[in-house]
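Here's the structure we're looking at; comments come further down.
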Amino acid sequence: MSDVPMSEDPDLDLELVPPPADKYLSMVLLIDDQMIICEAVRRALAGQAELDFHYCTNPLDAIRIANETKPTVILQDLVMPGMDGLDLVRAYRQNPATQAVPVIVLSAKDEPAIKGEAFNAGANDYLVKLPDRIELIARIRYHTRAYLDHVQRNQAYRALRESQRQLIKANLELERLTRIDGLTSLGNRRYFDEYLSLEWMRGRRKQTPLSVLMIDVDNFKRYNDSYGHLAGDEALKRVARVIQDSLSRATDLAARFGGEEFVAVLVNGSETGANQIAEKMVQAVRDLRIPHGEGCVTISIGVANALPGEENSAGELLHNADQALFRAKMKGRDRVVSYESLDEKKE
């Protein structure tokens with residue numbers, strides 16, 4: 001299948017000047033079983049530099065040829081052997097590659113009922129063949145421009161949506177980075193402060209308890225002095241993973257408080273449950289067996305639990321956990337001390 005050779009008749013090469021903005025090549029695909037019609041349309045379009053032309057005489061091949069040639073306009077005969085022309089128009093609309101391509105129906109009759117059926121099937125225009133050459137070219141150009149504008153709008157929309165998606169992704173990543181400690185990948189101090197404040201207010205509304213664990217890596221300055229800061233960073237990362245892994249609920253937060261200090265917020269948990277998690281952390285760090293002098297790296301934890309109310313505050317809860325941590329270190333480190341267990345009369 002190939003195009004019929006160009007006509008030598010100079011009268012058929014009369015140039016019809018396209019609109020100034022029309023800089024795109026139009027691929028016109030004609031589906032008609034009559035070669036005489038194909039030749040007549042080809043001759044009508046001859047000399048139009050911006051119009052390329054291809055035809056198909058077998059309607060059963062129309063979809064395949066359309067997929068290959070990627071037309072900007074389809075001229076479609078209604079009466080062809082082997083297939084109803086309206087069924088073929090419907091097939092274009094069901095085919096992703098031709099779903100939006102304008103279809104100009106060519107019919108031997110100018111009947112309103114036939115026109116109505118054609119438009120209902122998905123046709124964009126209707127011409128009685130053979131149409132006037134100037135009118136045919138004008139309609140092809142019009143539908144080509146409309147189609148290309150549609151394609152460009154879709155491409156621009158997709159590009160905009162992709163740009164928006166990338167921007168949202170970048171903003172989310174930036175937001176994540178502002179809340180994450182760069183060394184340990186736990187929450188940072190800023191995120192911890194925000195989280196504790198929000199959960200404290202939630203606890204007041206719902207009357208649910210809140211626990212805070214203050215965690216310190218024992219004798220860490222000595223570790224850095226002995227093994228170097230790179231080894232110290234690696235040790236902190238391993239301890240951080242243990243702390244994070246010890247929290248089983250999505251609502252619990254582990255964060256780096258500063259230096260070798262960490263903190264955890266346990267939502268809607270009892271004092272007993274908080275102490276059990278703290279003991280689990282202490283043992284898990286022991287199990288890392290990170291060499292430290294004659295022993296291994298250990299941690300100390302202070303635990304405080306409270307029911308948020310008007311008579312107390314999130315800052316007080318954090319202070320209590322810090323006091324418990326201080327007592328744990330005074331008692332020899334590598335242990336858990338609960339604020340509720342402190343004998344305040346001896347303080």
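- Annotation for Leu186 and Gln244: closest pair CD2-OE1, 3.5 Å, computed over non-hydrogen atoms.
- Gln76 and Tyr92 are linked by a side-chain donor-acceptor pair at a separation below 3.5 angstrom, with hydrogens and angles left out of the test.
- To the nearest 0.5 Å, atom CG of residue Leu288 and atom CD1 of residue Ile299 are 9.0 Å apart.
- Heavy-atom minimum distance, His292 versus Tyr227: CA-OH, 3.6 Å.
- In this model, a donor atom of one side chain and an acceptor atom of the other lie less than 3.5 Å apart for Gln283 and Arg286.
- When hydrophobic clusters are built by joining Ile, Leu, Val, Met, Phe, Trp and Tyr residues whose side-chain heavy atoms come closer than 4.5 Å, directly or via intermediates, Met281 is grouped together with Val303.
- Classification of the Tyr191-Tyr195 ring pair by plane angle, with boundaries at 30° and 60°, yields perpendicular.
- Nearest heavy atom pair, residue Thr144 against residue Ser26, reads OG1-OG, 2.8 Å.
- Side chain of Thr208 to backbone of Asn268: no donor-acceptor contact under 3.5 angstrom is found.
- Put simply, CG on Leu325 and OH on Tyr339 are 14.0 Å apart, with the number rounded to the nearest 0.5 Å.
- A distance of 9.5 Å separates NZ of Lys115 from CG of Asp125, quoted to the nearest 0.5 Å.
- Under a 3.5 Å cut-off, the side chain of Ser246 and the backbone N or O of Val242 do form a donor-acceptor pair.
- Expressed to the nearest 0.5 Å, how far CG of Leu136 lies from CG of Leu127 amounts to 6.5 Å.
- Here Asp181 does not pair with Arg189 in a salt bridge; the nearest charged N to carboxylate O distance is not below 4.0 Å.
- Between the side chain of Asp218 and the backbone N or O of Asp334 there is at least one donor-acceptor pair closer than 3.5 Å.
- When atom types are taken as modelled, the side chain of Asp33 and the backbone of Pro59 share no donor-acceptor pair closer than 3.5 angstrom.
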Begin with the C-alpha distance, continue with both residues' side-chain angles, and end with the deciding distance and a verdict on salt bridge (Lys or Arg N to Asp or Glu O under 4.0 Å) for Arg64 and Glu68.
CA-CA 6 Å; Arg64 178 180 62 81; Glu68 293 175 357; 3.1 Å; yes
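- For the atom pair Thr69 OG1 and Leu29 CG, the distance stands at 4.5 Å (nearest 0.5 Å).
- The NZ atom of Lys129 lies 14.0 Å from the CD1 atom of Ile104; values are rounded to the nearest 0.5 Å.
- Heavy atoms from other residues, nucleotides or ligands lying under 6.0 Å from OH of Tyr142 number 12 at most.
- In terms of heavy-atom proximity, Asn124 sits nearest to His143 at O-CE1, 3.9 Å.
- No donor-acceptor contact under 3.5 angstrom links the side chains of Glu279 and Asn275, judged on distance only.
- Listed by chain and residue number, nothing satisfies the salt bridge (charged side-chain N to carboxylate O under 4.0 Å, His left out) test with Glu340 (two or more places apart in sequence, or in another chain).
- When atom types are taken as modelled, the side chain of Asn95 and the backbone of Ala91 share no donor-acceptor pair closer than 3.5 angstrom.
- Of the possible donor and acceptor atoms, none in the side chain of Asn219 sits under 3.5 Å from a partner among the backbone N and O of Arg222.
- Ring geometry for Phe119 versus Tyr126: interplanar angle of 30 to 60°, hence tilted.
- Although no hydrogens or angles enter the test, the distance criterion places a donor-acceptor pair under 3.5 Å between the side chain of Asp252 and the main chain of Val267.
- Closest of all the heavy-atom pairs between Phe192 and Ala255 is CB-CB, 3.8 Å.
- Under the 3.5 Å distance criterion, with hydrogens and angles disregarded, no donor-acceptor pair is assigned to the side chains of Asp216 and Ser300.
- Salt bridge annotation for Asp87-Arg90: present, with a cationic side-chain nitrogen under 4.0 angstrom from a carboxylate oxygen.
- A donor-acceptor contact shorter than 3.5 Å is absent between the side chain of Arg204 and the backbone of Arg202.
- A side-chain donor-acceptor contact under 3.5 Å links Asn305 to the backbone of Gly269.
- Arg256 places no side-chain N or O within 3.5 Å of a backbone atom of Phe262 that could act as its donor or acceptor partner.
- Residues Ser270 and Ser211 approach most closely at O-OG, 3.9 Å, considering heavy atoms.
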